Amino acid sequence: MRVATWNVNSVTARLPRLLAWLESAKPDVVCLQELKCATEAFPPEVRDLGFEVAAYGLGRWNGVAVLSRVGLEDVRRGLVDEPTYDDAAEPRAVGATCGGVRVWSVYVPNGREPGHPHYAYKLRWLEALRATAVAESAPERPFAVLGDFNIAPADDDVWDISLFTESTHVTEPERAALAALREAGLRDVVPRALKYDKPYTYWDYRQLAFPNNHGMRIDLVYANASFADAVNDAYVDREARKGKGPSDHAPVVVDLTL
DNA sequence: ATGTCGTTCTGTGAACGA
């Protein structure tokens, strides 16, 4: 089974590239983030390719989905005890069971800057993610949380850590939230880089970041032992970041032998 | 130079978030 995660930065703007990628990469299950469209506006062309779709979006911001061509059951929108921001629920997590594998597609809040209310929201949201993983991860069922975590797990996951001294994505509390997920039994499934030495998944649109490989590894796969032990390959599909009209993120692809 | 995107509204450019 091939499972992937991709922050597409607008599913409607990315539709031609998404459809081409689905046909060439042939994933069975895909977690998408930053749909930037409402649930009912999710492009029907994806279903025409044979995928069932569990989308969760409200419009301009955020939005997540699980696509599957191996079945789609027990869809859940939102986390256990999920926090709100400015008193509003945001569409940042959707879970589904696909061919016996439980996956969550997540778009973790950015945080904006340490000390900002959005940063405190990010940490609360990550605690709700941990609680959801604990509630749902049974040892015998492959389980994984995949998505844009907006956290670089280690300094090596950033192209130049010296530029991040006052920034989110690398702070100790954010990394502690990832450690708490690991303590809950999830493992970081680190993909291969298909070029250069680091498996970056995101490169800013600005300042020629992609050609200079000024990237970050912030799109993560956190999996329980049943899922992680079944992984026979994982890689970042950097080809999808090339050319005209890409997302600023590349897909992470994981192959499982179940 | 926060230098690029994508979306929406204050709407044919600006504001916002990333």
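Chain naming here is simple, since letters A, B, ... match the order of the sequence lines and numbering starts at 1 in each. A quick note: this is a predicted structure, and the numbers were derived from the prediction, not measured.
- Closest to the side chain of A/Arg60, from the set B/dA15, B/dA18, B/dG3, is B/dA15.
- Using atom P as the reference point in both B/dT8 and B/dG3, the two lie 22 Å apart (nearest Å).
- Within the 4.0 Å cut-off from OP1 or OP2 of B/dT7, at least one side-chain nitrogen or oxygen of A/Thr12 is found.
- Comparing A/Tyr202 and A/Asn9, the nucleotide of DNA chain B nearest to each residue sits closer to the 5' end for A/Asn9.
- Regarding A/Arg206, its CZ atom lies at a distance of 14 Å from the P atom of B/dG6, rounded to whole Å.
- Annotation: B/dT10 and B/dC5 have their P atoms spaced 26 Å apart (nearest Å).
- Note on A/Ser247: nothing from the nucleic acid sits closer than 4.0 angstrom, heavy atoms only.
- Separating the P atom of B/dA1 from that of B/dG17 is a span of 23 Å, rounded to the nearest Å.
- Protein atom CD of A/Glu90 is 8 Å distant from nucleotide atom P of B/dA18, rounded to whole Å.
- Comparing A/Asp148 and A/Gly59 against DNA chain B, the residue whose closest nucleotide sits nearer the 5' end is A/Gly59.
- Atoms NZ (A/Lys36) and P (B/dT7) sit 6 Å apart, rounded to a whole Å.
- Side-chain rings of A/Tyr121 and A/Tyr85 approach one another, their centers coming within less than 6.0 Å.
- For the pair A/Asp204 CG and B/dC5 P, the computed distance is 10 Å after rounding to whole Å.
- Rounding to the nearest 0.5 Å places CD of A/Glu82 at 9.0 Å from CZ of A/Arg92.
- One interatomic measurement links the two molecules: NE2 of A/His214 to P of B/dG3, which rounds to 17 Å at whole-angstrom precision.
- Straight-line distance from the CZ atom of A/Arg112 to the P atom of B/dA15: 17 Å, rounded to whole Å.
- Spacing of P atoms, B/dT2 relative to B/dT7, comes out at 25 Å, to the nearest Å.
- Considering only side-chain atoms of A/Trp61, the nucleotide from B/dA18, B/dG17, B/dT7 that sits closest is B/dG17.
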Taking it one step at a time, do A/Val252 and A/Leu146 satisfy side-chain contact (heavy atoms from CB on, under 4.5 Å)? CA-CA 9 Å; A/Val252 176; A/Leu146 306 94; over 6 Å; no
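- Under 4.0 Å is where a charged nitrogen must lie from a carboxylate oxygen, and between A/Asp28 and A/Arg69 at least one such pair does.
- Per the geometry, CG belonging to A/Asn110 stands 18 Å off P belonging to B/dG6, to the nearest Å.
- Remark: P of B/dT7 and CG of A/Asn62 are 14 Å apart, rounded to the nearest angstrom.
- Just one residue in the list A/Asp156, A/Asp197, A/Asp188 forms a salt bridge (charged side-chain N to carboxylate O under 4.0 Å, His left out) with A/Arg217, and that residue is A/Asp188.
- Taking the C1' atom of each, B/dG11 and B/dC16 are spaced 15 Å apart, rounded to whole Å.
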